[in-house]
Protein chains: 2
Amino acid sequence: MADPKPLRADARRNRARVLDSAEAVFAAAGPAASMEEVARHAGVGVGTIYRHFPTKEALFEAIVVSRYERLAEEADSLASAADAGAAFFGLFTRMVEEAATKKAFADTLVRAGVDVKAATSASGRKLVHAFGGLLARAQGAGAVRDDADITEVMAILAGMTLAAEHASWDRDLRTRALGIVFDGLRSTRPR
Amino acid sequence: MADPKPLRADARRNRARVLDSAEAVFAAAGPAASMEEVARHAGVGVGTIYRHFPTKEALFEAIVVSRYERLAEEADSLASAADAGAAFFGLFTRMVEEAATKKAFADTLVRAGVDVKAATSASGRKLVHAFGGLLARAQGAGAVRDDADITEVMAILAGMTLAAEHASWDRDLRTRALGIVFDGLRSTRPR
DNA sequence: GACGATACGGAATATCGATTCCGCTTGTCA
DNA sequence: TGACAAGCGGAATCGATATTCCGTATCGTC
């Protein structure tokens, strides 16, 4: 399963350009943005996009995967941070912030915690796993209650992420809302 | 601004049928469900739908408004409940549960807390106001932290609602996730 | 610099769903 | 019961997009 053919120089360049533009366009206009819009932004014809990605969904998926990959790496690099609690809450916040900016991200994130869709799921699972590591360490350090498992955390993360994406909260509201939620994650079951 | 004309008997019947079907269809298939689907479900032609609602959005809005109205009433009726905390958390849970079943509900709920869209907003504001009353009473009873205002609560509610709608969590996960969030709302800002 | 093989651009096609239109049906009222 | 307005059904229209196709332009190699 090696590389079938080395891409021609300009083809490689265009492929990258398309990927970048797609990320930018979808981030700004959501997943409903049209292929033409992406093509225009990339300065190529729609045909070119289709030469590289068989379908709109494939293109979209490619972007999501790379974003997951990036976040998973980030999680891994935080795996040995001094303050485990800060690392966990920090990345949690970061993902929500990112969703507030880059639309069409949360939607797929929800599923990462639940669905089973192959392609996206592979890297999705990787992300969940990496984030799960951060959670475990934070719990070990006593920064997060022990009776919270990664599934619940992903559920809550998904929720806050979706909300941040859909509504246009200002950073302040985002911070306060997250503050309350974080207290819940710290809580030693008060009641 | 009285009623322009009393509707003919069958027209009234059809209008109601359309409204019911629309609620059912959108609840099951999300807001992307087609008008034909609604028409088929109601046993009428698409033309009939348009006789009663000028546009798909208008139809959709009608449903949302009635749902808001219902919830607002429910909130009001709980305004004098013995256990203010239970009333607040109960309705919160109920809304999330409802979203899990009826799609295309959360989406609009997010906006109720933020947007300013007239029609929907009128009743949306009513709901927020009523729910705010419940929050205030719960705080008065010491069941919810005092430094949480309705805006933040709506933000969190919107998030959990959206998540419940998109992902297909089982009731158990929903309950556990909400449990954590609720602890955050009770929390007396731990650290 | 010439020849394939690769890629490209973008017009043409295929689909799908909202909305409009109009001849036909049914309720209402005298 | 007959006339007429109010309603109805659903085919036709319009618009928006994804996706396909093919003549043309470019790259890599000799």
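Below, chains carry the letters A, B, ... as their sequence lines are ordered, and counting in each starts from 1.
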Hey, is the side chain of [X] poking within less than 4.0 Å of OP1 or OP2 on [N], counting only N and O atoms?
{"X": "A/His52", "N": "C/dA7", "answer": "no"}
{"X": "B/Asn14", "N": "D/dG7", "answer": "no"}
{"X": "A/Thr55", "N": "D/dT19", "answer": "yes"}
{"X": "B/Arg8", "N": "D/dG7", "answer": "no"}
{"X": "A/Thr48", "N": "C/dG9", "answer": "yes"}

- Task: Under 4.0 Å between any heavy atoms, over every strand shown, what does B/Ala33 touch: base, sugar-phosphate, or nothing? Just pick one.
- Result: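 It contacts sugar-phosphate atoms only.
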Report the nucleotide, chosen from [options], that has the shortest atom-to-atom distance to any side-chain atom of [X].
{"X": "A/Ala11", "options": "D/dG10, D/dT17, C/dC8", "result": "C/dC8"}
{"X": "B/Val44", "options": "C/dT19, D/dG9, C/dG9", "result": "D/dG9"}
{"X": "B/Asp10", "options": "C/dG9, C/dG10, C/dG27", "result": "C/dG27"}

- Over 60° means perpendicular and under 30° means parallel, so classify the ring planes of B/Phe131 and B/Phe88, tilted if in between.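 Taking B/Phe131 first and then B/Phe88, their aromatic rings lie parallel (interplane angle under 30°).
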- Query: According to the interplanar angle, ranging from 0 to 90°, do the rings of B/Phe92 and B/Phe182 count as parallel (below 30°), tilted (30 to 60°) or perpendicular (above 60°)?
  - Reply: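 Perpendicular: the ring planes of B/Phe92 and B/Phe182 meet at over 60°.
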When the distance from [atom1] of [X] to [atom2] of [N] is rounded to whole Å, what number comes out?
{"X": "B/Phe53", "N": "D/dG7", "atom1": "CZ", "atom2": "C1'", "result": "15 Å"}
{"X": "B/Tyr50", "N": "C/dT20", "atom1": "OH", "atom2": "C1'", "result": "9 Å"}
{"X": "A/Lys56", "N": "C/dT15", "atom1": "NZ", "atom2": "C1'", "result": "14 Å"}
{"X": "A/Arg13", "N": "D/dT26", "atom1": "CZ", "atom2": "P", "result": "12 Å"}
{"X": "B/Arg17", "N": "D/dG7", "atom1": "CZ", "atom2": "P", "result": "16 Å"}
{"X": "B/Phe60", "N": "C/dA18", "atom1": "CZ", "atom2": "P", "result": "12 Å"}
{"X": "A/Ile49", "N": "C/dG10", "atom1": "CD1", "atom2": "P", "result": "13 Å"}
{"X": "A/Leu59", "N": "D/dT19", "atom1": "CG", "atom2": "C1'", "result": "14 Å"}

- Message: Heavy-atom count check: over 12 atoms from other residues, nucleotides or ligands less than 6.0 Å from A/Glu69 CD?
- Response: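 Yes - once you tally the heavy atoms of other residues, nucleotides and ligands closer than 6.0 Å, there are more than 12.
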- Closest nucleotide of DNA chain C for B/Leu7 versus for B/Met35: which of these residues is on the 5' side?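 First, find each residue's nearest nucleotide; the 5'-ward one identifies B/Met35.
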- Item | Position toward the 5' end of DNA chain C (nearest nucleotide), A/Gly45 or B/Ala32 |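 Result: A/Gly45.
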- Item | Minimum heavy-atom distance B/Arg12-B/Leu7, with the two atoms named |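 Heavy atoms of B/Arg12 and B/Leu7 come nearest at NH1-O, 3.1 Å.
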- Item | Shortest non-hydrogen contact from A/Ala62 toward A/Leu19 |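 Heavy-atom minimum between the residues: CB-CD1, 4.1 Å.
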- Query: Where each residue is assigned the nucleotide of DNA chain D containing its nearest heavy atom, which of A/Arg51 and B/Glu36 is assigned the position nearer the 5′ end?
  - Reply: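 That would be B/Glu36.
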